Amino acid sequence: MAVSKKKSRLERYAYKTIVKSSGHRRENRHHILSEQENALLKAIKHRIIVKASIAGILGVVLLYVPFHFWPQLFPNYNVWVPVVDITLQLPLGFYAYGVILVIIEIAYLTLLNIRTVREVSAACGYPHPQHDDYATRIDDLVAIGLSKNHKKQIDLGINPYIGLSKVRILLITLLGRMRAAITNMVFRFLVQRLMGRYAFRLFIDLAGMVVYAFWNSWASIKVMNETKVRVMATSVIEDFSEQLAVEQQNNEEFRAELYNMLYYIAVAKRSFHYNHYLLSLAMLQMFEVPINPNHAYDKTFLQRVRTGSSQTQLGFSKLLMLGMLIDGDLSEKERFLVLKMHKEGYFMYTLSQARQFTKDYRAGRGVGELIYGEAS
């Protein structure tokens, strides 16, 4: 299969790396992970934690040890600040050296993420070359390895950030990307406060090793988990949409509110996720609801669900439940919604069931009970 010339060199590398490992074993229909697959995934997790942690530790050590032991390599330069008319002495060479180290670390972690995606997908035998949308699935895995966000929900007229100001969206994005630096600042402050004058400057600077090792490991594990839930989601969504179509095939009330239900899931998540896009697309196609890129979200639909038929409430409950867990996580906000809606009587699943469904899905045990079972 030819690689598009429009792809960057890194994308072509990721594409070729992942293609080489795909389809080594056929995935099962519902993709319930076997003991062998779980053992492989556990070994992969241990390896990436070690590698990502070492990268974080080395980054801090290589930055601060030379700075403190060979300060002559990083002389101060006078920098005039025109707005306030003052001159500062800054170690510009040290800052440039730090930027170089960051670029090297990011490059290494990107390659590690690509290899992680390859190993996880290979362990699960995904995707198989016989899949009709094999190329699309490979592109999707490449996007995970390169940490690219999918915003295809917009193409369906679904915007998870509807109602949020641009400033709030920007703050959410910046805080997410700056968490390591913020944590490091807080950690260093606490170390200095706890140890007082005994906390040498070098020790305080090196304390960041713990922080960056943690966040590097967290980010790499997140890539692994993202790959894992993406692998499992495809079959789950296919089974779910087919079964729900059977259960709701003559229910025009459910079909009329389907778009708003899918929109509600996205708003509850407040994030773009490719699994949500796949679920939304599959449901709209299965129920033959025309895609409307300019769909207007109607918040009042919940009131109609509250007073709707038990069949509609069950369909809503199943769809919302899968939509919340399909990215492998159940947030505090979603747990609150489950409690609230179940108490009000139109959401058929308890918080205990929601947690168990999410745990089973994340562990690779499938969600057959949610798809085919009865709600409580």
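Since this is a predicted model, take the numbers as computed values, not measurements.
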- Message: Any heavy-atom pair between the side chains of V19 and Y134 that's under 4.5 Å?
- Response: yes
- Which atom pair, heavy atoms only, marks the closest approach of V236 to Y361? CG2-CE1, 4.2 Å
- Write down the atom of Y259, the atom of N292, and the distance for their closest heavy-atom approach. OH-N, 2.8 Å
- Note on the structure: Here the pair of heavy atoms bringing I57 nearest to A213 is CG1-CB, 4.0 Å
- Task: Please list all pairs passing the salt bridge (Lys or Arg N to Asp or Glu O under 4.0 Å) test where one or both residues lie in residues 302-317, with sequence neighbours left out.
- Result: E257-R304, D298-R304, R306-E344
- Message: If hydrophobic clusters are built by linking Ile, Leu, Val, Met, Phe, Trp and Tyr wherever their side-chain heavy atoms come under 4.5 Å apart, do L319 and V246 end up in the same one?
- Response: no
- Message: Quick one, Q313 and M341 - any side-chain contact, counting heavy atoms below 4.5 Å?
- Response: no
- When clusters are formed by joining ILVMFWY residues with side-chain heavy atoms under 4.5 Å apart, either directly or through shared neighbours, do F74 and V61 land in the same one? yes
- Query: Looking just at side-chain N and O atoms, do Q303 and T300 make a donor-acceptor pair shorter than 3.5 Å?
  - Reply: no
- Query: When rounded to the nearest 0.5 angstrom, what is the spacing between CG in L88 and CG in N78?
  - Reply: 9.0 Å
- Query: Is the NZ atom of K333 crowded by more than 12 outside heavy atoms at less than 6.0 Å?
  - Reply: yes
- I106, L146: one ILVMFWY side-chain cluster at the under-4.5 Å cut-off? no
- Note on the structure: Heavy atoms of Y346 and S317 approach each other most closely as O-OG, 3.5 Å
- With side chains defined as the heavy atoms from C-beta onward, is the minimum distance between M324 and V338 less than 4.5 Å? yes
- Is there a side-chain contact between V229 and D327, using heavy atoms and a 4.5 Å cut-off? no
- Item | Heavy-atom side-chain contact between Y372 and D239 under 4.5 Å | yes
- What's the spacing between I265 CD1 and S280 OG if we round to 0.5 Å? 6.5 Å
- Item | Sub-6.0 Å ring centroid separation between Y277 and Y274 | yes
- Message: On a heavy-atom basis, which atom in S220 and which in L112 lie closest, and how many Å separate them?
- Response: OG-CD2, 3.9 Å
- Note on the structure: Here the salt bridge (Lys or Arg N to Asp or Glu O under 4.0 Å) pairs for residues 40-66, sequence neighbours left out, are R47-E119
- Among E247, Q248, Q243, side-chain hydrogen bond (donor to acceptor under 3.5 Å, both in side chains) partner for K318: E247
- Query: Is there a path from F214 to V102 through hydrophobic residues (I, L, V, M, F, W, Y) whose side chains come within less than 4.5 Å of each other?
  - Reply: no
- Query: Which of parallel (below 30°), tilted (30 to 60°) and perpendicular (above 60°) describes F357 and Y349?
  - Reply: perpendicular
- How long is the span from the CZ atom in F272 to the CG atom in N159, to the nearest 0.5 Å? 5.0 Å
- Item | Shortest non-hydrogen contact from L244 toward F287 | O-CZ, 3.7 Å
- Message: Whether E288 and R255 form a salt bridge (side-chain N of Lys/Arg under 4.0 Å from carboxylate O of Asp/Glu) is what I want to check.
- Response: no
- Query: Quick one: ring-ring contact (aromatic ring centres under 6.0 Å, His included) partners of Y264, sequence neighbours excluded?
  - Reply: F301
- Joint cluster assignment, L63 & L92, ILVMFWY side-chain distance < 4.5 Å: yes
- Is the closest side-chain donor-acceptor distance between H273 and Q153 under 3.5 Å? no
- Classify the ring geometry between H68 and Y64 as parallel (under 30°), tilted (30 to 60°) or perpendicular (over 60°). tilted
- Measure the CZ-CG distance between R355 and L325 for me, rounded to the nearest 0.5 Å. 14.0 Å
- Name of the residue among I237, L322, L262, V289 meeting side chain to side chain contact (heavy atoms under 4.5 Å, CB included) with M283: L262
- Distance, nearest 0.5 Å, that separates CD of E35 from CD of E37: 11.0 Å
- T110 side, atom OG1; E105 side, atom CD - distance, nearest 0.5 Å: 10.5 Å
